[in-house]
Asks: 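Sharing a structure here in C-alpha cells format.
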Amino acid sequence: MKVNLIRKATPEELLPQDEFIIEKEIIIAEDLFERFIHDPLDDYDFIKENIDIMYCDKEDVFHCIFITSKAHEFGILVESEGYHYARYTAYINKSVLRSE
C-alpha cells in the first residue's frame with residue numbers, strides 16, 4: 001500500500017477539507033490513464049469535453065469528473081476550473097466509492 005506522506009502537515013493538509021460531487025465517471029484506456037497520471041497538467045480532450053459540468057458551487061462543493069481505467073483500482077477526481085487540464089485533483093480508491 002502506498003500513500004503520499006506530507007512533511008510537517010497542517011491540520012488542513014492532513015484531513016480532507018473539500019466536499020465534492022462526482023458528476024460523471026469517465027473510463028479511459030489504460031495507456032491514456034497512465035499518461036494522464038504522469039502528466040496531469042497537459043490538456044486532455046476528456047477534460048475539455050466536460051468543462052461545463054466541473055465547477056465549485058455557492059456552498060463550496062466541488063462538482064467533478066472521476067477519471068479512471070478498467071485496469072486501475074483508483075481514479076483521479078478532477079475539477080478543471082474551466083481549463084483543459086486537471087487544475088484541481090484528488091486520488092480516490094474505487095473501493096471507497098463502492099462503500100458509500
Side-chain angles (χ1 to χ4, degrees):
M1 177 182 290
K2 293 183 177 181
V3 296
N4 284 333
L5 293 173
I6 302 168
R7 184 175 179 260
K8 299 181 180 179
T10 64
E12 293 79 18
E13 293 172 323
L14 190 60
L15 301 172
Q17 301 292 311
D18 299 313
E19 296 285 332
F20 67 92
I21 295 172
I22 296 175
E23 296 291 349
K24 186 176 185 180
E25 180 178 2
I26 300 172
I27 300 171
I28 59 177
E30 182 179 355
D31 59 338
L32 180 57
F33 188 71
E34 287 289 332
R35 194 179 98 199
F36 171 63
I37 58 178
H38 286 95
D39 296 308
L41 300 182
D42 284 353
D43 290 347
Y44 293 94
D45 288 342
F46 55 82
I47 293 175
K48 179 182 174 182
E49 293 163 0
N50 292 285
I51 280 179
D52 58 330
I53 60 174
M54 293 179 282
Y55 60 97
C56 186
D57 67 23
K58 294 177 190 172
E59 286 80 38
D60 291 329
V61 176
F62 284 88
H63 295 254
C64 303
I65 56 175
F66 181 68
I67 310 297
T68 189
S69 83
K70 289 183 180 178
H72 291 78
E73 288 300 315
F74 65 94
I76 304 297
L77 202 60
V78 174
E79 200 284 87
S80 73
E81 202 174 50
Y83 295 92
H84 299 175
Y85 68 93
R87 190 169 178 93
Y88 293 95
T89 57
Y91 169 98
I92 298 181
N93 192 300
K94 290 179 182 175
S95 64
V96 173
L97 297 177
R98 287 184 208 120
S99 66
E100 290 188 9

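In what follows, every heavy atom counts, from backbone to side chain, and hydrogens, waters and symmetry copies are set aside. Note that the structure is predicted; figures quoted are calculated from it, not measured.
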Asks: What pair of heavy atoms forms the shortest contact from Tyr85 to Pro40, and how long is it?
Replies: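 Residues Tyr85 and Pro40, closest heavy atoms: CB-O, 3.9 Å.
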Asks: Start with the C-alpha distance between Asp43 and Tyr83, add both sets of side-chain angles, then the distance that settles side chain to side chain contact (heavy atoms under 4.5 Å, CB included), and finish with yes or no.
Replies: CA-CA 8 Å; Asp43 290 347; Tyr83 295 92; over 6 Å; no
Asks: Hydrophobic cluster membership, with links at side-chain heavy-atom distances under 4.5 Å among I/L/V/M/F/W/Y: are Ile53 and Val61 in one?
Replies: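 Per the 4.5 Å side-chain linkage, Ile53 and Val61 are not co-clustered.
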Asks: Which value, rounded to the nearest 0.5 Å, describes the distance between Ile6 atom CD1 and Asn4 atom CG?
Replies: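 Going from CD1 on Ile6 over to CG on Asn4, the span is 7.5 Å.
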Asks: Walk me through whether Asp18 and Asp60 qualify under side chain to side chain contact (heavy atoms under 4.5 Å, CB included).
Replies: CA-CA 8 Å; Asp18 299 313; Asp60 291 329; over 6 Å; no
Asks: Could you tell me which non-hydrogen atom of Lys8 sits nearest to which non-hydrogen atom of Glu13, and how far apart they are?
Replies: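 Looking at all heavy atoms of both residues, the shortest contact is O-OE1, 4.1 Å.
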Asks: Side-chain contact, heavy-atom cut-off 4.5 Å: Tyr44 with Ile28?
Replies: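 Not in contact.
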Asks: Do Ile92 and Ile76 make a side-chain contact, defined as non-hydrogen atoms from C-beta onward lying under 4.5 Å apart?
Replies: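 Answer no - side chains too far apart.
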Asks: If you take all heavy atoms of Val78 and Thr89, which pair is closest and at what distance?
Replies: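 Here Val78 and Thr89 meet closest at CG2-CG2, 4.3 Å.
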Asks: Report yes if some heavy atom in the side chain of Glu23 is under 4.5 Å from a heavy atom in the side chain of His63; otherwise report no.
Replies: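 Yes. Closest side-chain heavy atoms under 4.5 Å.
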Asks: Supply the atom-to-atom distance Cys64 SG to Tyr88 OH, rounded to the nearest 0.5 angstrom.
Replies: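 Going from the SG atom of Cys64 to the OH atom of Tyr88 covers 11.0 Å.
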Asks: Should Ile26 and Phe33 count as side-chain neighbours, where that means a heavy-atom distance under 4.5 Å?
Replies: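 No; the side chains remain at least 4.5 Å from each other.
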Asks: Please confirm whether the ring centroid of Tyr55 lies under 6.0 Å from the ring centroid of Phe62.
Replies: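 No.
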Asks: Going by the rule side chain to side chain contact (heavy atoms under 4.5 Å, CB included), which residues pair with Glu25 if we only count those two or more places apart in sequence or in a different chain?
Replies: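 Partners of Glu25 under the side chain to side chain contact (heavy atoms under 4.5 Å, CB included) test: Ile27, Phe66, Thr68.
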Asks: Atom CD of residue position Glu19 - does it have more than 12 heavy atoms of other residues, nucleotides or ligands inside 6.0 Å?
Replies: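 No.
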Asks: Strictly distance-based, threshold 3.5 Å: is any side-chain N or O of Asn93 a donor or acceptor partner for the main-chain N or O of Ser95?
Replies: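 Yes, Asn93 side chain to Ser95 backbone: donor-acceptor pair under 3.5 Å.
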Asks: Take Ser80 and Ile51, measure what side chain to side chain contact (heavy atoms under 4.5 Å, CB included) needs, and give me the verdict at the end.
Replies: CA-CA 7 Å; Ser80 73; Ile51 280 179; 4.2 Å; yes
Asks: Please name the pair of heavy atoms, one in Glu30 and one in His72, separated by the smallest distance, quoted to 0.1 Å.
Replies: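 Of all heavy-atom pairs spanning Glu30 and His72, the closest is CG-CE1, 3.7 Å.
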Asks: Any carboxylate oxygen within less than 4.0 angstrom of a Lys/Arg side-chain nitrogen, looking at Arg87 and Glu81?
Replies: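 Looking at Glu81 together with Arg87, the answer is yes, because their closest N to O distance falls below 4.0 Å.
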Asks: May I ask you to decide if Leu77's main-chain N or O and Glu79's side chain share a donor-acceptor pair within less than 3.5 Å?
Replies: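 Checking the backbone N and O of Leu77 against the side chain of Glu79, no donor-acceptor pair under 3.5 Å is found.
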Asks: Identify, with sequence neighbours excluded, every residue that meets ring-ring contact (aromatic ring centres under 6.0 Å, His included) alongside Tyr91.
Replies: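 So Tyr91 forms a ring-ring contact (aromatic ring centres under 6.0 Å, His included) with Phe74.
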Asks: Is the backbone N or O of Phe46 less than 3.5 Å from a side-chain atom of Asn50, with the two atoms forming a donor-acceptor pair by type?
Replies: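 Present.
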Asks: Is there a path from Ile65 to Ile22 through hydrophobic residues (I, L, V, M, F, W, Y) whose side chains come within less than 4.5 Å of each other?
Replies: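 Not linked; separate clusters.
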Asks: Is Lys48 atom NZ crowded by more than 12 heavy atoms from other residues, nucleotides or ligands, each under 6.0 Å away?
Replies: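 No, because the 6.0 Å sphere around NZ of Lys48 holds 12 heavy atoms or fewer from other groups.
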